[in-house]
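Let me begin by presenting the structure, written as structure tokens, before commenting on it.
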Amino acid sequence: MTSDHRNATSSDAGRIDAAMIDEPLIRSLLDEQFPQWSALPLRFVERGGNDHRIYRLGDDLSVRLPSAAGYVPQVAKEQAWLPRLAGSVPLPIPVVRGVGRPTERFPAPWSVYGWLPGVPASRTVVENPVRFAADLAAFLVALRSADTTGAPGPGPHSAFRGAPLEHFDSETRDLLVRVHGRERDLAVGIWRDALDGVFTGAPVWFHGDVSVNNLLVEDGALTAVIDFGCAGVGDPACDTVLVWTYLSGEAREVFRREYDVDDATWARGRGWALWKALIMITNKPPGQAELARHVLDQLFAERGVG
């Protein structure tokens, strides 16, 4: 690697912007570093996430680039740890096919992955939600059991997923003004219980972003889990939030049973869900405020209101 590449990795990463990521850029990166794939067709993946931009490369590959400097640490983490985690979990996760170097045009590492078939659960019908919940719980339990030797603890790379909730205490207390009256009282109680439910166990692997956008479905069933950018080793309570964002009825109960954690973990999970909902309740993008309202309704209903 030249000195230009070394400088790009460190001091120049701050000039990364999502707007610079387009097909000509990716073509140039492939031409230089992976010429065996440079002639394959490229298609931008809509709804590919906020932290990275994704292009499908041919039928079997994808190119994934961080969309801002803050997401750069996720790249090396995934490249290092996804191959080690793959043998510990019962569903496919992304496979690193190429480790891209920084260049003058794109001063950050990037990746080529194998393409995983399926559609995000947010965009299709899950035919058997109970089985879906059980399969997801089994995946997360297996992930919790993966070897943590040398693995990264919570930090900026994971958006502090897996960290003690005290990290978000000041922010959450400021956000509580977004709900009023009895709802604010309930929200204060949920947050207090979350802080009181201190994590005392050994740090374990967590995914960090268990969202319906990161759960792939094929033929109505869960077939893969993607986007480990917020993963790390710490408190797994952050991986419970799908209980309030998506699951309901018997599926919710199955997930609760199969995920198999103590009451304090569920209290912290409610704290994670509350924090995120309070952030999103005033968001303008379509569906975000509505989802936040749904989550708050679910949390308040658990406390006998609504």
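Note: hydrogens, waters and symmetry copies are ignored here, and every other heavy atom, side chains too, is used.
- The closest side-chain heavy-atom distance from W81 to F228 is not below 4.5 Å.
- Residue E23 qualifies as enclosed at atom CD: its count of foreign heavy atoms under 6.0 Å is above 12.
- For the pair Q298 (side chain) and T245 (backbone), a donor-acceptor distance under 3.5 Å is absent.
- With hydrogens and angles left out, the side-chain atoms of T282 and R178 include a donor and acceptor closer than 3.5 Å.
- Side-chain N or O atoms of R131 include none that pairs as donor or acceptor with a backbone N or O of L222 at under 3.5 Å.
- Counting only N and O atoms by type, the side chains of D147 and T149 include a donor and acceptor under 3.5 Å apart.
- In this structure, the side chain of T148 does not engage the main chain of A151 through any donor-acceptor pair within 3.5 Å.
- For the salt bridge (charged side-chain N to carboxylate O under 4.0 Å, His left out) condition, the pairs that include at least one residue of residues 222-248, sequence neighbours left out, are R64-D227, D235-R268.
- H207 contributes no side-chain N or O that, together with a main-chain N or O of V225, makes up a donor-acceptor pair within less than 3.5 Å.
- Going from atom CG of D219 over to atom CG of N128 covers 13.0 Å, rounded to the nearest 0.5 Å.
- Not a single donor-acceptor pair under 3.5 Å links the side chain of R252 to the backbone N or O of F255.
- With hydrogens and angles disregarded, no donor-acceptor distance shorter than 3.5 Å links the side chain of T124 to the backbone of A121.
- Residue E258 holds its CD atom at 12.0 Å from CD of E253, rounded to the nearest 0.5 Å.
- For residues 283-294, every residue pair satisfying the salt bridge (charged side-chain N to carboxylate O under 4.0 Å, His left out) rule, not counting sequence neighbours, is listed here: E183-R293, R293-D297.
- Take Y71 and apply the ring-ring contact (aromatic ring centres under 6.0 Å, His included) test, not counting sequence neighbours, and it matches no residue.
- Between W191 and W275, the distance from one ring center to the other does not fall under 6.0 angstrom.
- Using a 4.5 Å heavy-atom threshold, the side chains of V295 and M280 count as separate.
- With Q79 contributing its side chain and W110 its backbone, the two residues share a donor-acceptor pair below 3.5 Å.
- K77 NZ to H157 NE2: the interatomic distance, rounded to the nearest 0.5 Å, is 5.0 Å.
- Residue-environment remark: CG (D263) stays at or below the threshold of 12 foreign heavy atoms within 6.0 Å.
- Donor-acceptor pairing under 3.5 Å is recorded for the side chains of D262 and T265.
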